[in-house]
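Down below is the structure, laid out as structure tokens.
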Protein chains: 2
Amino acid sequence: MKPITLQNYAEGRWVAGSGALAELRSAIDGEVVALTSSQGLDFAAMLGFARKQAASSLQAMTFHDRAKMLKALAEALTARKEELYELSYNTGATKADAWIDIDGGIGTLAVYQGKGRRELPNERILIDGNVEALSRNGTFQGLHVYTSLQGVAVHINAFNFPVWGMLEKLAPTFLAGMPAIVKPASATAYLTEAAVRIMLEANVLPAGALQLIVGATGDLFDHLTCQDVVSFTGSASTAMKLRTHPTIVRESVRFVAEQDSLNASVLGPDATPQSPEFDLFIKEVAKEMSVKAGQKCTAIRRAIVPAALLDAAEQALKERLSRIVVGDPREEATRMGALVSTSQREDVRARIAELARDSAIVFGDPGAAPVNAKGAFMSPVLLRCERPRDARAVHDVEAFGPVTTLMAYADRSEAFELANRGKGSLVMSVFTHDTMFAEDIVLDCGAFHGRIAFIDRDSAKESTGHGSPMPHLTHGGPGRAGGGEEMGGVRGVMHYMQRSALQGHPRVLSSIVSRFIAGAPTKDAGALHPFRLKFHDLALGYQLKTKPREITMDDIEHFARFTGDTFYAHMDEEAARANPLFGGRVAHGYLILAFAAGLFVDPDPGPVLANYGLDNLRFVKPVKPGEAISVSLTVKEKTLRKPDQGEVRWDVVVSNGAGETVAAYDLLTMNAA
Amino acid sequence: MKPITLQNYAEGRWVAGSGALAELRSAIDGEVVALTSSQGLDFAAMLGFARKQAASSLQAMTFHDRAKMLKALAEALTARKEELYELSYNTGATKADAWIDIDGGIGTLAVYQGKGRRELPNERILIDGNVEALSRNGTFQGLHVYTSLQGVAVHINAFNFPVWGMLEKLAPTFLAGMPAIVKPASATAYLTEAAVRIMLEANVLPAGALQLIVGATGDLFDHLTCQDVVSFTGSASTAMKLRTHPTIVRESVRFVAEQDSLNASVLGPDATPQSPEFDLFIKEVAKEMSVKAGQKCTAIRRAIVPAALLDAAEQALKERLSRIVVGDPREEATRMGALVSTSQREDVRARIAELARDSAIVFGDPGAAPVNAKGAFMSPVLLRCERPRDARAVHDVEAFGPVTTLMAYADRSEAFELANRGKGSLVMSVFTHDTMFAEDIVLDCGAFHGRIAFIDRDSAKESTGHGSPMPHLTHGGPGRAGGGEEMGGVRGVMHYMQRSALQGHPRVLSSIVSRFIAGAPTKDAGALHPFRLKFHDLALGYQLKTKPREITMDDIEHFARFTGDTFYAHMDEEAARANPLFGGRVAHGYLILAFAAGLFVDPDPGPVLANYGLDNLRFVKPVKPGEAISVSLTVKEKTLRKPDQGEVRWDVVVSNGAGETVAAYDLLTMNAA
């Protein structure tokens, strides 16, 4: 097959690099599959193009608009995913490995589009947290918001997941309203390039929203500003170099790093060779060694077991590893494909040699070259460390391949110590059925691990496993793992936005965030009841104030009998008087709610389709028999959910005759648009 | 007065530094007020002491325990604050300046203790966000938590707020369960040392929780790990040096920087010389120049006005500045005290010279040395920049003293551009009464400014002003401001904790976070109704399942008549049938709630004192006449609020005869302990 010449996508054009082209070789047979270069690109102009062309287009869209864009990208990739699968074999990945990369990547887009529409507003500004009272009379208040960064996200990706690695960063970036420049690792850049082509051809991205560099980044970093973000996945050494780039430091450019780490898997002290957790542990360690030939930043590098189970675990693992068929990823029988390149294999062999200084190889021959001479195949390698507390290499050296070291702990505190000796990891898995052990390990080890997966007999069947970052959950970890975080649902979106604290009169704040804040001006509904207005005609602050209604002792008794809620505070004067909060009979909270609705509901058919929820209800002050309540109902927030329906959030305040608030809540209705 | 020899507080002992002592001089008369050195300290041992002694003690406390500790510190400082005020004059601060530092610092502790008790749980692990469904049957779910970092917070503070600057960092640090080592800037370290003594003498901190370095930090940074945090306030150049320290980079040590920035204040295009906002703007700019003699990271350095108002603004500012009395801060007539030192004044003069390259000095003589020859007094200096779009110094050079440059914009977009030319700031203030302008400036400038204060005729009286960071709100900013964040209420606590994603069966997750999660095992209440159990006897997962109750058409009609809620969906079959969500008459949501209470309430006096709230209620499925509902009531979470009362959060699920959920919510009761 003739090698493809990869192209960069810069300033709206596909362009091949000039000068000498680098050769990218197949992991399976060493043949050249692609040629690549980024020479000749004007990196400053690429940044400028994204900032000028794309940033304002993306920022003009709401979160929901951007979510729809992600959905379209996912659909486009799904429709043409077979092209990607075909290219993927050359990376050494099996079909199952490619599924993680390709379908996993598309699934991440899908989760983000769903979360974008459900968990983010149909607005451009995102509110963070509650209004903060900063003054006695409420004329000066505080509120945090996120707005889109006005620069470019530069994504530096690793070779192991050329599709997922790009999409897990693009999804939150686009949702945040930021354009991106993607720089994949060269070894597998041909697969990334193909995926970028599919996305661009879907024609849903604003010009400049996505650019691609297939080669070195030249002077790109020299032109970054505080409005840009670098999101890096790869080795600690490269991260260190980039992180200390003078421009990054001088401009406080956000730098998110996700680095390979020495992830641990711990078998709990409750396990026995007969317990389900023992089997699950063995299965998972072997699986993590073979998936992607162990080339995952999340793979288990250190398998930690109770001392009494060390021999049994070694035997069971060896038995399981011996059944792993290494071979051409296209062949059905193959369980483990090739490393990405022969140079990668050399690196793994060198690391194994370091590890072997304080551990013994108990399975696999790192020097062997199975399958064929030109591919980057190797067998899984298991090491055993006898004195892990004294050992250094096992906690410091990462062989980024099918390599794990088994070690034992004497007691819980040693287990925790060993787990934390990795100096920060992306993930730790814990195989235990003992919730006390689970609690303790979170308290003692939580701060060292970005994710902790508990797998046991109850969860194993549905577990997504040790090694799989989920888009819903943060992916990243402290220390050696880079100190960064990605994904985590909408959390990941915030990495591409700036949080600012706003202060001002509620009139101003309300207007900025499109939410009525108490203290902002209201508009009296007068004769036109708000239930008569369609979604789009309801203005924030539009307010109905009802007439009062007395709650009589008869009402309370009647309500109690009717509903069956004969709680003593409503029914028994003597007992209610003894209650420290009431000091006498009071109306039911639910009676107050029901009468409030009776006061504000306009009964005839109209735009209001349903009351479908209620948030943050607090009964602030008891209502005694004979007191009257009245209600103010104010349009607080609106979110269009379908072309013809929208959610209206109402601020409801129920007051007594003295004007004191007795209950306050948010009411949710679905309204016709 | 004989100079004090300052002491370090290291490894539980007060100890003076050895070797040559540095002289700290009074800002007012140049006399030596203190001598200081940190030579001879074993910095690695200090870190070790904190990690061993203090970290586990602090981590063993709940957030509420730690909040009480903050309260005790605030009380101790309040009782002895006059000692601090007396020392403060030597820093050049007036009484009003010292109030910001000392009372402001104590107030920050107070806000944090309140937020700690109200907004954080009485636990050691903090839940972040919602449970994430990761599996079809719910046996494998995800949840984010924060746990305390297991290292030490190193606080590097600036000279300008020796008390507040320490306390605004200590409050979230201690609340997070982390010990701290405080390193104040030397110039005013005597005031910090005095405040540390008061806190230690209050005897409420675990050993090792607070250590003090009055001098250089030696090899401290070489011993940091991924479990430590450096929180830095000061100049950009020092931040750059520390941020690139090899250990910081290698170990991904968290580094939070808050740097001086070129904060802007913008007068809106709606202002006229007669508008209240014009006066408010002039007043604020002059105030920010004189408070702390302009030595605030948040001070206004760039005053940006509509072109038509440039001359008027200059006149008004000059008039106001001319009334500022510079003098000995002890004297009552003094409006502005001294800079912290004569060397600081030299630095400010040098910066003014740089600024004067593209701006003209229109008020004040930077070379003058008012009041006396030995103090660090200077007059306010106002510059005017004619062509701010072309100027560089005004957007790049900060004179950390009573110095501001006035400039004009032609239109909105130029106003936004100039505001953002500061390349990232801590705060921007905007004086406008036009909410459209407010909206636009947040969208166009939000990403450049950590805080935006809107001040107008409605909010001015209660406004806390441009320059005051509030503990409720984040303090920090992108780019030149350092890219960090501090405070922001509980947000600031998270800087000292690690977020981890947990995955597992709900049984395991529930146990770890002390919250019942659906899918975890429940314990059937059987004959013992949960309302019969006291707070401490209620176990998470304890569950009452009620018998069913039919909701008849009569019930619906009766409820409608009784409450007055005759909404057509309940009363008019034909209209209800046309409703896209119901397709026929349905029961009121409030009727479902009321009947649910009737089913689960146990009426006799007992530990349940009140139903005081309801959260996240959703009506999931309509209930038609003739359908029966039943309720499950499960103990979800418990928070002790007083020695004898605690809040119980119940998971309530209302189901129909087919077992489908029709409504779900959290119910809150207050229970006797």
Side-chain angles (χ1 to χ4, degrees), chain A residues 132 135 139-140 142 147 149-150 226 240 244 249 252 424 435 438-439 442 446-447 451-454 458-459 462-463 472-474 478-479 483 498 500-505 508 511-512 563-568 575 581 589-590 593-594 597-598 601 603 605 609-614 617-619, chain B residues 132 135 139-140 142 147 149-150 226 240 244 249 252 424 435 438-439 442 446-447 451-454 458-459 462-463 472-474 478-479 483 498 500-505 508 511-512 563-568 575 581 589-590 593-594 597-598 601 603 605 609-614 617-619:
Chain A
E132 296 284 344
S135 61
T139 64
F140 194 70
T147 56
L149 284 176
Q150 305 204 355
C226 73
M240 271 184 79
T244 52
V249 177
S252 309
T435 56
E439 284 179 48
V442 169
R451 178 164 58 90
I452 308 181
F454 291 95
D458 304 322
S459 64
E462 293 202 308
S463 157
H472 320 67
L473 303 181
T474 49
Q498 172 68 37
S500 305
L502 304 184
Q503 295 173 289
H505 191 278
V508 180
S511 175
I512 292 169
T563 63
D565 180 355
T566 55
F567 193 62
Y568 74 93
L581 306 175
Y590 302 108
L593 286 186
V601 162
L609 303 173
N611 162 9
Y612 78 95
L614 220 117
L617 165 65
R618 291 295 178 275
F619 296 113
Chain B
E132 295 285 343
S135 61
T139 64
F140 193 70
T147 57
L149 283 176
Q150 304 203 355
C226 75
M240 272 185 77
T244 52
V249 177
S252 310
T435 56
E439 283 179 48
V442 169
R451 179 163 59 89
I452 307 180
F454 292 95
D458 304 321
S459 63
E462 292 202 308
S463 157
H472 320 68
L473 303 182
T474 49
Q498 172 68 37
S500 305
L502 304 183
Q503 294 173 288
H505 192 278
V508 179
S511 176
I512 292 168
T563 65
D565 180 355
T566 55
F567 193 62
Y568 73 94
L581 306 175
Y590 302 109
L593 285 187
V601 161
L609 303 173
N611 162 9
Y612 79 93
L614 219 116
L617 165 65
R618 290 295 176 274
F619 296 112

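Side chains are part of it too, since the values below use all heavy atoms of this structure and drop only hydrogens, waters and symmetry mates. We name chains A, B, ... by the order of the sequence lines, and we start the count at 1 in each one.
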task = Find the one option among A575(B), A501(B), G589(B) whose heavy-atom pairs under 4.5 Å with chain A are most numerous.
result = A501(B)
ask   = For F619(A) and G613(B), which heavy atoms make the closest approach, and how far apart are they?
value = CD1-N, 4.0 Å
query = What heavy-atom pair brings Q503(B) and L473(A) nearest, and what distance separates the two atoms?
reply = CG-CD1, 3.4 Å
request  = Determine the option with the most heavy-atom pairs under 4.5 angstrom with chain A, choosing from G479(B), P603(B), S135(B).
outcome  = P603(B)
request  = Just give me the residue among A594(B), A447(B), C226(B), G564(B) that pairs up with chain A most often, heavy atom to heavy atom, under 4.5 Å.
outcome  = A447(B)
message = If I measure from the heavy atoms of chain B, does L609(A) come under 4.5 Å with its side chain, its backbone, both, or neither?
response = both
key: Partners passing side chain to side chain donor-acceptor pair (under 3.5 Å) against Q150(A) (at least two apart in sequence or in another chain)   = none
inquiry  = Donor-acceptor pair, distance only, cut-off 3.5 Å: does the side chain of S500(B) make one with the backbone of G446(A)?
reply    = yes
key: T147(A) to V442(B) - nearest heavy-atom pair and separation   = CG2-O, 3.8 Å
message = Applying side chain to side chain donor-acceptor pair (under 3.5 Å), can you list everything that pairs with T139(A), at least two apart in sequence or on another chain?
response = E462(B)
remark   = Turns out that what part of I452(B) lies under 4.5 Å from chain A's heavy atoms comes down to both
note = Turns out that what part of Y590(B) lies under 4.5 Å from chain A's heavy atoms comes down to side chain
ask   = Taking all atoms of both residues into account, what is the closest heavy-atom pair of L502(A) and F454(B), and its distance?
value = CD2-CE1, 4.4 Å
Student check: side-chain heavy atoms of T435(B) and I512(A) closer than 4.5 Å = no
query = Of the non-hydrogen atoms in V249(A) and M240(B), which two are nearest, and what is the gap between them?
reply = CG1-CG, 3.6 Å
